[in-house]
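Quick one: the structure is below, and I'll ask about it shortly.
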Amino acid sequence: MQPTTTQQDTAVEGIMSGRHFLQIPGPTNVPERILRAIDSATIDHRGPGFSQLTMEVLDGLGKIFKTSQPVVIFPASGTGAWEAALVNCLSPGDTVLMCETGHFATGWCNLAQRYNLRPIFIPGDWRHGADPKEIESRLSEDAAHQIKAVCIVHNETSTGVTSRVADIRAAIDRAGHPALFMVDTISSLASIDYRHDEWGVDVTVAGSQKGLMLPPGLSFNAVSDKALKVSEQAKLPRSYWNWADMVQTNKNGFFPYTPATNLLYGLREAIAMLLEEGLNNVFARHARLAEATRCAVRTWGLDILCLNESEYSNSLTAVLMPNGYDADEFRRVVLDNFNMSLGNGLGRLAGKVFRVGHLGDFNELMLAGSLSGVEMGLELAAVPHQKGGVQAALDFLAKTAATHNKNKVASEVA
Ligand SMILES: *Cc1c(COP(=O)(O)O)cnc(C)c1O
């Protein structure tokens with residue numbers, strides 16, 4: 001018999017009561033407000049009511065990406081927006097500079113190769129972010145300006161390492177190089193500070209199912225005027241992903257093909273929630289929950305995969321298993337016993353790490369529950385560790401509560 005799958009994603013036969021803990025770094029927990037918003041009649045996407053929805057959503061997205069330039073919305077997963085970024089701006093045989101920060105950076109590089117682009121893939125150890133110095137030196141060597149784009153993953157979801165986008169922008173500027181700057185923010189947007197215009201990013205890639213708290217199915221390109229101009233000459237074939245059609249029809253609140261109407265209802269609600277809380281408060285909340293998670297990991301005596309403290313991710317924490325212990329077996333124990341899904345190790349990290357997602361619609365007590373599940377799972381799976389990780393996280397949360405609340409800034413909506 002098939003296992004019962006309702007709200008519970010469980011390998012165990014039968015229903016587990018209470019809520020499933022979805023602690024993977026995307027898809028994240030979708031708040032009730034967003035689910036209710038999606039649960040509305042699908043309307044005529046060429047009618048007047050629809051254009052109002054588009055205008056509201058596009059205006060709100062500008063605030064989230066921090067841009068006054070166009071943002072386009074695709075009915076697609078994040079991978080589609082990766083592809084859109086490349087095919088709109090580049091021509092066959094173009095060189096692109098990419099950094100091997102982990103599984104997702106590798107995936108974007110593979111996509112570039114499939115399009116007959118020539119990626120220079122700066123090697124990495126999957127424990128550090130993209131290195132601004134290395135990028136500067138590669139660009140400085142490229143006197144002929146063969147490199148047409150620098151592509152960076154802001155938050156590497158496979159490793160829990162956040163690259164320093166502003167520093168990389170400064171490195172490109174120091175090299176005086178005209179390459180486009182493309183940044184994947186699929187697991188950082190609306191969780192970690194990000195500024196499309198101020199940081200001079202030409203194409204920002206994003207997705208719906210992580211910090212934006214939506215189900216999977218939407219992805220985004222925020223596009224600079226420079227990138228739009230370049231796209232007019234770019235020769236890679238494109239049709240579905242063509243920005244020009246999107247930007248043109250969006251002007252009147254429409255789309256060149258059927259949009260994901262109900263997800264757009266959800267997006268409007270997600271933007272409202274983020275602005276009501278205030279983006280700076282959202283970022284501070286993520287930073288505090290991330291630090292509490294790291295307090296727990298340190299107390300357990302386990303290693304955080306990210307080696308550079310200034311690159312710790314506030315979206316997720318990847319934890320290395322002690323040698324000889326299988327992370328997937330540990331994750332299975334947690335799922336079977338406590339109805340919680342943790343993120344698996346991806347690519348070369350398979351079986352070696354587990355990832356705790358702490359992004360999106362998330363708070364102190366949800367984190368306390370998640371970390372409790374991890375600590376009990378370590379015990380049940382007989383993974384060597386010190387007890388007291390949950391207590392360390394609780395102590396940190398209690399100690400910082402007053403200051404955290406006092407420092408909250410006024411909401412961005414009147
Ligand atoms: C999730 C993720 C992707 C892939 O997005 P899909 O929606 O699965 O296509 C790419 N990059 C990063 C950084 C991600 O976190």
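Counting starts at 1 for both ligands and their atoms, in listed order. All figures in this text were calculated on a predicted structure; none of them were measured in a lab.
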What residues come within 4.0 Å of ligand 1, counting heavy atoms only?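 Within 4.0 Å of ligand 1, protein side: S77, G78, T79, W82, F104, V153, N155, T157, D184, I186, S187, Q209, K210.
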
Find out whether F362 and L367 are in side-chain contact, i.e. whether some heavy atom of one side chain is under 4.5 Å from a heavy atom of the other.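 Yes, side chains in contact.
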
Any idea how W82 and W108 line up, ring-wise: parallel (<30°), tilted (30 to 60°), or perpendicular (>60°)?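 Rings of W82 and W108: parallel, as their planes differ by under 30°.
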
Please examine the side chains of N242 and N88, heavy atoms only from C-beta on, and report whether any two atoms are closer than 4.5 Å. yes

Check E291 with R298, please: is the shortest side-chain N to carboxylate O separation under 4.0 Å?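 Counted as a salt bridge, because a side-chain N and a carboxylate O are separated by less than 4.0 Å.
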
Please determine whether a side-chain nitrogen of the Lys or Arg among R19 and E32 lies less than 4.0 Å from a carboxylate oxygen of the Asp or Glu. yes

Classify the ring geometry between F50 and F255 as parallel (under 30°), tilted (30 to 60°) or perpendicular (over 60°). perpendicular

